A.B. asks: 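One structure is given below, represented as structure tokens, and several questions about it will come after.
Both backbone and side-chain heavy atoms feed into the values below; hydrogens, waters and symmetry mates do not. These figures come from a predicted structure and were not determined experimentally.
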Amino acid sequence: MARNLNKSGKDFEIVMIDKGSNLGYLNCGTPFLLENTINSYKKFFYTDNESLRQEVSALYTDTNVESIDFRNKKVIFRDSKGSHRVSYDKLVLATGASQVSLGVSGNELQGIYRIKDIEDALEVKKRVESDAIKNIAIIGGGYIGVEIAAAIKKRNKNITIFDSNSQLMSSHYDDVFGEIVGKKLVEHGINVNLNEEVQSYVGKEGQISQIITDHGKHAVDMVILTMGFLPNTTLGRFHLELYTNGAYIVNEHQQTSDPDVYAVGDCSTSYSNILKELVVNFSVSDAMRGAYIAAKNIAGEPVVSNGTQLANAVRVYDTNFFSAGITVAQAERYGVPCSYVDYEEWQRPEFMLENNKIKLRLVYHQDNHRIIGAQIVSKSDQSGVLHMLSLAIQKEVTIEELQVSDFFFYPYFNQPNNFVIEAVKHANLVEEEKG
């Protein structure tokens with residue numbers, strides 16, 4: 001945010017306040033930290049405090065914002081030197097989100113961890129390095145839980161994922177893709193307990209020792225929570241308009257209901273180009289985009305958001321998963337009439353010695369045939385295809401339009417008959433047969 005404001009070339013007095021010690025940690029680095037495959041976790045900071053101090057008027061870390069006086073435009077906060085007040089003309093809230101707790105008995109026991117920030121990650125890393133920690137429970141089978149489970153398994157721990165849903169990574173993938181994820185984990189010795197709900201924690205001498213679920217009892221030495229997030233919006237919840245999950249509602253300029261207050265990242269809403277309604281996109285890319293949009297508008301250079309497709313990508317051992325838009329299950333849940341096509345093919349021509357299968361699911365609106373979702377699994381990198389399909393969803397491209405789009409061919413990268421084009425051809429044949 002601060003860097004985007006500085007790039008405008010205009011003279012701003014920028015004051016940054018953060019409760020943490022270090023700014024700029026990329027949470028995507030946590031699995032690498034936990035599996036101990038990196039030399040230094042400091043590589044996962046995209047900035048450092050000293051560099052940032054050169055870019056802003058004042059930087060306060062290890063600081064607690066106690067309240068905001070929105071009427072008089074003042075932020076009241078406290079650090080080791082005492083209480084402070086700072087005035088603002090424009091305020092940007094980037095307070096992020098917190099991982100949710102199950103709210104069951106035993107939450108106070110030692111050995112139950114979240115991994116939202118670097119301090120959490122380092123504490124978990126320290127614990128898993130202990131020989132006394134053998135049985136670890138991951139609560140939540142989303143992509144974060146899957147990544148953390150795979151990372152810690154490399155330390156020869158007994159890992160079990162617990163999820164109350166019937167499939168893994170259901171927020172971004174349909175069941176056929178979730179099954180592929182589950183098989184990969186099981187092949188590598190990770191236990192996957194689906195349709196199983198945690199009811200309580202039991203401990204000995206204040207330390208977690210057992211999980212009680214609706215299926216039985218499980219001995220554990222450590223629990224890691226990865227179930228999801230809730231926006232941190234305590235500071236503005238009585239002044240600003242809130243979304244159903246408590247996020248600040250923002251417009252296309254990232255402005256809240258108070259025009260002098262902006263919100264970006266996990267504490268704010270985004271606009272779904274598929275559902276045509278507000279959502280919350282807990283992602284680094286959405287936060288970075290929101291910060292750019294807010295900064296441009298504060299600088300007097302109006303820019304509007306193009307909305308979100310909730311794109312996602314994750315690697316599970318040697319296999320890559322990509323998604324954008326909504327799944328078939330989500331379309332049914334939201335009452336969006338949809339059809340889909342599944343297509344599987346080799347990435348390159350058969351004469352190429354290095355080759356990988358690609359499985360694609362395209363989800364499209366039943367009435368107007370515009371693409372509303374895409375899911376891909378392959379051992380090859382298909383992130384470029386995901387970017388293209390995400391843009392196609394944003395621009396409301398139909399399967400008929402995509403069928404006659406101009407795609408390149410070169411044996412090192414793809415087949416003469418591109419798998420995306422072949423998939424939509426199959427979809428169009430089905431639609432023609434329907435009449």
Side-chain angles (χ1 to χ4, degrees), residues 1 25-28 30 91-103 114-117 139-147 163-165 169-173 225-258 261-295 297 303-314 323-327 329-331 333-336 372-373 386 390 393-394:
M1 182 74 202
Y25 178 67
L26 294 172
N27 288 324
C28 58
T30 298
L91 175 66
V92 180
L93 297 171
T95 47
S98 297
Q99 285 180 305
V100 300
S101 171
L102 288 177
R114 297 177 177 85
I115 49 167
K116 185 67 172 69
D117 53 36
I139 313 298
Y143 74 92
I144 295 175
V146 168
E147 284 188 311
D163 198 296
S164 58
N165 294 308
M169 304 201 313
S170 58
S171 294
H172 297 279
Y173 301 89
L225 305 177
T226 64
M227 303 93 68
F229 300 92
L230 283 176
N232 293 324
T233 52
T234 303
L235 292 172
R237 67 175 53 175
F238 297 115
H239 177 70
L240 304 174
E241 188 177 355
L242 302 179
Y243 183 60
T244 53
N245 72 345
Y248 299 122
I249 293 177
V250 299
N251 63 15
E252 67 271 21
H253 303 293
Q254 299 295 141
Q255 281 175 303
T256 66
S257 52
D258 183 332
V261 180
Y262 294 73
V264 301
D266 294 351
C267 67
S268 66
T269 58
S270 297
Y271 181 77
S272 168
N273 288 314
I274 304 100
L275 302 175
K276 306 300 181 185
E277 62 182 50
L278 295 177
V279 295
V280 179
N281 184 2
F282 296 108
S283 73
V284 173
S285 58
D286 194 66
M288 299 290 283
R289 185 165 57 104
Y292 173 80
I293 292 167
N297 283 282
V303 173
V304 299
S305 171
N306 285 327
T308 181
Q309 287 74 249
L310 297 167
N312 169 268
V314 62
S323 76
I326 61 175
T327 66
Q330 289 167 340
R333 192 180 313 137
Y334 288 112
V336 179
I372 58 175
L386 179 70
S390 179
I393 295 170
Q394 176 185 315

A.B. asks: With a 4.5 Å limit on heavy-atom distance, are the side chains of V336 and L275 in contact?
C.D. replies: yes
A.B. asks: Taking all heavy atoms of A287 and all of G265, pick out the closest pair and write down the distance.
C.D. replies: CB-CA, 3.6 Å
A.B. asks: Looking at side-chain heavy atoms only, is the closest gap between V146 and V314 below 4.5 Å?
C.D. replies: no
A.B. asks: Within the distance-only criterion (no hydrogens, no angle test), does the side chain of T95 pair as donor or acceptor with the backbone N or O of T233 below 3.5 angstrom?
C.D. replies: no
A.B. asks: Does the Y248 side chain pair with the main chain of G236, one donor and one acceptor, at a distance under 3.5 Å?
C.D. replies: yes
A.B. asks: Rounded to the nearest 0.5 Å, what separates atom CG in L230 from atom SG in C267?
C.D. replies: 13.0 Å
A.B. asks: For G142 and M169, work out which heavy atoms get closest and say how close.
C.D. replies: C-CG, 3.9 Å
A.B. asks: Roughly how far apart are S390 OG and N273 CG, rounded to 0.5 Å?
C.D. replies: 8.5 Å
A.B. asks: Kindly say whether L240 contributes a backbone atom to a donor-acceptor pair with the side chain of D258 at under 3.5 angstrom?
C.D. replies: no
A.B. asks: What's the shortest heavy-atom distance between M1 and A291, and which atoms?
C.D. replies: SD-O, 3.3 Å
A.B. asks: State, to 0.1 Å, how close N165 and S170 come at their nearest heavy-atom pair, and which atoms those are.
C.D. replies: ND2-OG, 3.9 Å
A.B. asks: Less than 4.5 Å apart, side chain to side chain, heavy atoms only: is that true for N306 and Q394?
C.D. replies: yes
A.B. asks: Under the side chain to side chain contact (heavy atoms under 4.5 Å, CB included) criterion, do Y262 and L93 qualify, and how do the steps go?
C.D. replies: CA-CA 6 Å; Y262 294 73; L93 297 171; over 6 Å; no
A.B. asks: Could you state the interatomic distance from CD (E277) to OG1 (T269), rounded to the nearest 0.5 Å?
C.D. replies: 11.5 Å
A.B. asks: Under the criterion side chain to side chain contact (heavy atoms under 4.5 Å, CB included), I'd like the reasoning laid out for T226 against I115: C-alpha separation, chi angles, the key distance, then a yes or no.
C.D. replies: CA-CA 8 Å; T226 64; I115 49 167; 4.3 Å; yes
A.B. asks: What pairs with S270 under side chain to side chain contact (heavy atoms under 4.5 Å, CB included), at least two apart in sequence or on another chain?
C.D. replies: V279, N281, D286, T308
A.B. asks: Taking the side chain from H253 and the backbone from A294, do they hold a donor-acceptor pair closer than 3.5 Å?
C.D. replies: no
A.B. asks: Hey, is the main chain of E252 close enough, under 3.5 Å, to the side chain of Y271 for a donor-acceptor pair?
C.D. replies: no
A.B. asks: For the pair F282 and F229, name the ring-plane relationship: parallel under 30°, tilted 30 to 60°, perpendicular over 60°.
C.D. replies: tilted
A.B. asks: Report the distance from atom CD1 of I274 to atom CD of Q309, rounding to the nearest 0.5 Å.
C.D. replies: 5.5 Å
A.B. asks: Which atoms form the tightest heavy-atom contact between S171 and Q330, and what is the distance?
C.D. replies: O-NE2, 2.7 Å
A.B. asks: Are any side-chain N or O atoms of R237 and backbone N or O atoms of N232, one a donor and one an acceptor, separated by less than 3.5 Å?
C.D. replies: no
A.B. asks: Does any non-hydrogen side-chain atom of I249 lie less than 4.5 Å from one of S257?
C.D. replies: no
A.B. asks: Report yes if the side chains of M227 and L102 come closer than 4.5 Å at any heavy-atom pair, otherwise no.
C.D. replies: yes
A.B. asks: If you take all heavy atoms of V264 and V92, which pair is closest and at what distance?
C.D. replies: CG2-CG1, 4.2 Å
A.B. asks: Working to the nearest 0.5 angstrom, can you tell me the gap between S268 OG and Q254 CD?
C.D. replies: 5.5 Å
A.B. asks: Looking at Q99 and G228, would you say the former's side chain and the latter's main chain have a donor-acceptor pair under 3.5 Å?
C.D. replies: no
